[in-house]
Protein chains: 2
Amino acid sequence: MNGAQALVQALQHSGVDTCFANPGTSEMHFVAALDGAQGLRCVLGLFEGVATGAADGYWRMAGRPAATLLHLGPGLANGLANLHNAKKARSGIVNIVGDHATGHLALDAPLTSDLEGVARPMSHWVHRVASADAVAAAGREAVQQARRRPGHIATLALAADAAWSPLSLPLPDLGPLPEPAFEPLQQPALQAAVDLLRRDPGGTLLLLGGAAMRQEAIAWAGRIAAHTGCGLMSEFYVERAARGAGRVPVPRLPYAVEPAMAALAPWRQIVLVHAMPPVAFFAYPGKPGRLEAPGTGFVHFSHHGQDATAALEALADALGARQARPVLAAARDRGAALPTGALDAAGIAAVIAGVLPEQAIVVDEAISTGRSFDAATRQAAPHDWLANMGGAIGFGLPVAVGAALAAPGRRVLALEGDGSAMYTPQALWTLAREGLDVTAVIFANRSYQILRGEFAGVGAGEPGPRAAGMLSLDRPALDWVQLSKGFGVPATRVHDLAQLADALRRSFATPGPSLIEAVL
Amino acid sequence: MNGAQALVQALQHSGVDTCFANPGTSEMHFVAALDGAQGLRCVLGLFEGVATGAADGYWRMAGRPAATLLHLGPGLANGLANLHNAKKARSGIVNIVGDHATGHLALDAPLTSDLEGVARPMSHWVHRVASADAVAAAGREAVQQARRRPGHIATLALAADAAWSPLSLPLPDLGPLPEPAFEPLQQPALQAAVDLLRRDPGGTLLLLGGAAMRQEAIAWAGRIAAHTGCGLMSEFYVERAARGAGRVPVPRLPYAVEPAMAALAPWRQIVLVHAMPPVAFFAYPGKPGRLEAPGTGFVHFSHHGQDATAALEALADALGARQARPVLAAARDRGAALPTGALDAAGIAAVIAGVLPEQAIVVDEAISTGRSFDAATRQAAPHDWLANMGGAIGFGLPVAVGAALAAPGRRVLALEGDGSAMYTPQALWTLAREGLDVTAVIFANRSYQILRGEFAGVGAGEPGPRAAGMLSLDRPALDWVQLSKGFGVPATRVHDLAQLADALRRSFATPGPSLIEAVL
């Protein structure tokens with residue numbers, strides 16, 4: 001047995017069943033070891049950002065880490081932007097990064113780089129393993145790190161000679177990893193929230209984030225709101241929010257500074273449930289970075305190292321709200337006509353709400369088009385909504401790959417801006433190869449539309465011709481239908497809401513991936 | 001005047017005339033400042049690796065740095081792989097990376113990351129500027145750093161508030177930068193080379209790299225070889241090699257370990273002219289990393305901080321070789337018939353040699369297909385050959401963008417593997433938008449063909465079905481004609497050598513970009 005084979009065994013015994021790979025020479029022994037590993041599914045991406053984004057999506061839906069297999073420092077570098085997003089989403093990922101053999105590093109061959117330096121900004125844990133006998137324990141430790149609560153990014157640099165050398169010692173014990181523990185809820189935080197919700201429920205907002213937006217957690221939050229009369233809201237970005245008919249509707253904090261401040265202005269106190277004090281996405285001249293009204297009080301109730309459902313259940317119990325009946329989102333009348341006409345944001349949202357299948361997974365990178373989808377989709381069939389937590393674009397299609405692999409049988413709907421989809425279009429090929437049930441909708445406004453707003457927002461005035469050229473994606477227009485077919489994914493183009501509804505229905509009814517270019 | 005405007009002025013006064021941009025909100029003031037800057041051409045890329053690769057190509061052909069404009073840590077991260085290649089090519093680049101406003105960083109908004117940490121592994125110089133008054137001097141310093149000999153990667157983190165705030169002090173002096181100085185040639189090194197070439201010229205190899213492969217430098221090397229009888233060879237990777245008819249032919253060291261060792265075995269001494277002792281690209285079990293025969297002597301004659309042409313001229317003078325007549329590559333008989341038949345590497349090379357236009361720029365990322373092009377193209381029309389110095393794939397199409405912009409009127413021929421082109425296909429859109437005279441040939445073997453060889457090379461045996469799946473790009477086959485058209489670049493597919501020759505001739509005769517998919 002060599003080090004690569006030992007690593008594959010360690011990953012499998014630690015519960016890793018999926019590896020998103022873009023390998024090179026230094027990873028060939030790991031690839032060879034896959035032939036003997038029936039339980040480890042290896043999925044090829046044609047760019048590293050596909051692999052890291054897929055691992056993020058996999059964690060969000062499976063709740064356990066996938067591995068990535070990347071090629072030296074530059075390969076890891078190509079995966080960093082989606083590792084940034086995954087880190088902000090608190091997703092657990094095990095990156096296996098092959099490096100030159102130990103003796104080769106001193107020769108400064110072309111691909112030599114500071115691998116650990118590349119890893120560190122987007123990893124919680126970085127470790128180099130340079131001997132075959134140390135590989136299994138290091139791999140197991142990497143999985144354990146990734147499975148912490150919340151999830152961590154664990155990056156293991158695997159020297160090529162550690163992978164190819166035979167073990168001289170027996171494998172260490174590779175039994176299953178213990179279940180990672182949550183930190184307990186702090187009694188003073190619980191008491192502070194209880195006091196507030198008893199004293200001034202009408203002035204108090206429960207701001208939910210992270211795991212507090214899963215189905216069971218919002219059910220408890222809904223009971224608390226029904227019992228006390230407090231408000232409910234979620235952070236703008238949530239890595240996986242349970243939404244739709246029959247669930248507690250939790251409105252999102254708006255993205256833009258002014259509407260976000262307006263939404264928070266009525267509240268005298270905010271109870272942070274797996275959430276941070278709300279801040280602006282970007283800084284703007286003369287505008288505040290913090291979004292709450294001056295003088296707003298905060299209770300830091302629970303954080304991402306704790307069990308959100310248990311915390312909210314404890315709060316409900318302390319308030320006597322266990323039997324309260326929460327307000328639930330009504331189901332949309334399935335017989336109601338869908339809107340027709342031009343492709344505007346409100347119409348698109350209504351169409352999506354009307355045709356979304358049960359238990360769909362929506363991956364939201366619709367950027368400027370998608371910001372207003374929240375209210376209109378609350379009565380859609382029950383679904384999960386996955387947002388880009390780090391703001392690095394190129395997140396959506398890769399995350400759709402991982403989500404679809406983690407949740408077979410559920411349709412994934414990836415909502416993409418044309419600008420953002422262009423960062424990782426290679427993910428389409430993996431969708432085709434794996435035959436994944438993913439519908440990608442590209443909102444083709446043929447510009448960095450969000451930047452047109454931001455240009456004004458930062459006080460830069462009106463763009464002149466040279467500046468405007470930096471914000472437009474026309475000249476030439478990207479043809480997403482041809483691009484998609486080039487990657488092996490069937491595609492169609494729609495120009496109005498009726499065509500969009502038809503195309504979505506057809507896609508949802510057809511196994512495998514398809515792409516819809518919605519020309520705005 | 002605000003900080004962004006001051007930066008644009010500083011770049012222009014320091015000789016920067018081109019900026020490869022993929023901006024976001026934090027860069028909007030810089031974009032706005034472009035409207036007032038007629039002398040700074042700003043070129044949009046739809047992915048950051050396009051921008052950094054283009055800057056590399058620009059330096060190689062223009063000999064002066066371009067700027068890039070990138071969006072925070074994750075945007076810089078997407079550009080790192082091509083910065084790695086540029087760093088190994090000793091290209092000078094000025095990266096302007098917008099960051100959050102200084103006060104906003106503490107709020108940990110989604111896009112916050114360790115920007116300097118991301119920059120450091122692929123930069124020689126990293127600097128943060130957080131006040132408008134400091135921007136101009138910092139920008140000027142960044143250009144000065146980039147223009148060092150050899151070129152450096154200079155990364156300037158520009159806080160958004162430094163960009164948008166008005167200056168409170170007058171602009172510092174922004175006169176042209178002084179010409180960067182070369183280090184002088186060391187007399188003991190010169191003497192050692194002279195002694196060797198007098199004592200044992202038949203056993204001595206001049207190994208040329210970097211700027212020693214430019215046209216004037218190889219002319220001196222050719223005179224030295226003609227006068228003394230010593231051997232000439234170049235490193236396998238050279239960032240810009242002058243080649244073709246009427247120039248001194250300098251064979252490349254082979255890529256693979258065994259042929260490289262065979263090529264070096266005859267030489268008792270190697271004089272390193274802007275070159276390193278030759279090493280294997282990767283380590284392989286049981287094979288050496290150093291490629292010279294045991295006991296080979298080395299003279300470290302000159303390095304990349306020195307003037308290669310002046311160094312070789314001095315050596316020629318010291319040897320009395322100034323008047324020697326070097327062997328020059330004969331011109332291919334333009335009337336000779338081109339080979340026809342199946343698309344194999346030898347035939348492809350002969351076709352390229354036959355149709356390449358005068359002063360073409362060849363960007364070589366043909367990987368497994370292109371390794372044997374060296375000998376067959378030595379008699380082509382005079383051209384420059386640009387190799388991937390860092391080994392991070394996704395280099396070719398972006399470098400072609402920058403080379404074409406730096407050398408208008410010269411045809412760029414980008415030779416791409418299908419695997420490697422897939423890392424940065426977004427560059428095709430920039431070729432279309434800017435109407436650049438670039439011919440991209442995609443060698444579609446529909447696999448990571450190089451890895452099939454490497455799999456055996458590292459001793460992993462024969463790939464089983466799961467391993468083979470990680471090395472193949474079929475299921476589905478990428479359709480490069482559709483992909484190219486989707487990006488706005490006309491494309492055609494060829495299946496034999498005659499079709500390839502026709503398609504190349506047509507492309508060379510047609511202004512603007514086109515793509516040829518050569519199905520192997």
Side-chain angles (χ1 to χ4, degrees), chain A residues 21 23 25-26 28-29 31-32 34-35 42 44 46-47 74 77-78 80-81 84 88 100-101 103-104 107 109-111 113-114 117-118 120-121 160 164 237 279 281-283 285 289 389-392 422-423 426 432-433 454-455 458 460 464 466-467 470 475-476 478-479 482-483 485-486 488, chain B residues 21 23 25-26 28-29 31-32 34-35 42 44 46-47 74 77-78 80-81 84 88 100-101 103-104 107 109-111 113-114 117-118 120-121 160 164 237 279 281-283 285 289 389-392 422-423 426 432-433 454-455 458 460 464 466-467 470 475-476 478-479 482-483 485-486 488:
Chain A
T25 299
S26 40
M28 283 299 101
H29 284 90
V31 170
L34 293 172
D35 278 316
C42 208
L44 182 61
L46 300 188
F47 177 72
N78 280 332
L80 281 186
H84 167 84
K88 297 284 182 171
H100 284 312
H104 205 68
L107 303 182
L111 271 164
S113 71
D114 174 11
V118 174
R120 220 164 274 126
W164 77 48
Y237 289 106
V279 302
F281 197 84
F282 289 109
M389 303 301 290
M422 189 37 61
Y423 282 67
Q426 304 93 341
R433 173 177 260 208
E454 298 289 291
F455 195 91
V458 300
R466 293 157 62 85
M470 295 299 104
R475 299 187 296 119
L478 293 163
D479 181 334
Q482 291 216 63
L483 289 171
K485 290 178 179 172
Chain B
T25 299
S26 40
M28 282 299 101
H29 284 89
V31 170
L34 294 173
D35 278 316
C42 208
L44 182 60
L46 300 188
F47 177 71
N78 280 332
L80 281 186
H84 167 83
K88 297 285 180 170
H100 283 312
H104 204 70
L107 302 182
L111 272 164
S113 70
D114 174 10
V118 174
R120 218 163 277 126
W164 77 49
Y237 289 107
V279 303
F281 197 85
F282 288 109
M389 303 300 290
M422 189 38 60
Y423 283 68
Q426 304 93 341
R433 174 177 260 208
E454 298 288 290
F455 195 91
V458 300
R466 293 157 63 85
M470 295 299 102
R475 296 189 296 118
L478 293 163
D479 181 334
Q482 291 217 63
L483 289 171
K485 291 179 179 172

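Quick caveat, the model's predicted, so the values are computed rather than measured.
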As an exercise: rank [options] by heavy-atom pairs under 4.5 Å with chain B and give me the winner.
options: A/S113, A/P285, A/P121, A/P23; value: A/P285
options: A/A109, A/A283, A/A81; value: A/A283
options: A/G390, A/G488, A/G289; value: A/G390
options: A/G103, A/A77, A/A21; value: A/A77
options: A/R433, A/R475, A/Q426; value: A/R433

(message) Is there a side chain to side chain contact (heavy atoms under 4.5 Å, CB included) between B/T25 and B/L111? Walk through the geometry before answering.
(response) CA-CA 11 Å; B/T25 299; B/L111 272 164; over 6 Å; no
- Item | Region of B/R120 in contact with chain A, defined by heavy-atom distances below 4.5 Å |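 The answer is neither part of B/R120.
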Check: So what's closer than 4.5 Å to chain A heavy atoms on B/M422: side chain, backbone, both or neither?
Finding: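 Contact with chain A: backbone and side chain both.
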Under the side-chain contact (heavy atoms from CB on, under 4.5 Å) test, residues paired with A/A432 that sit two or more places apart:
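With neighbours one apart ignored, the set is A/V489, B/P476.
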Name all residues meeting the side-chain contact (heavy atoms from CB on, under 4.5 Å) criterion together with B/A467; count only those two or more places apart in sequence or in a different chain, and write none if there are none.
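Testing B/A467 for side-chain contact (heavy atoms from CB on, under 4.5 Å), a comparison that skips the adjacent residues, returns A/V31, A/D35, B/F455, B/P463.
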Gap between atom NE2 of A/H100 and atom CZ of B/F281 - 0.5 Å precision: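 Rounded to the nearest 0.5 Å, the CZ-NE2 separation comes out at 7.0 Å.
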If you look at every heavy atom in B/M28 and A/V458, which pair is closest and at what distance?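 Heavy-atom minimum between the residues: CB-CG2, 3.7 Å.
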Locate the shortest heavy-atom distance separating A/H84 from A/A392; write the atom from each residue and the value.
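Distance-wise, the nearest heavy atoms are CD2-CB, 4.2 Å.
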Given the options B/C42, B/A101, B/A160, which has more heavy-atom pairs under 4.5 Å with chain A than any of the others?
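Of the options given, most contacts go to B/C42.
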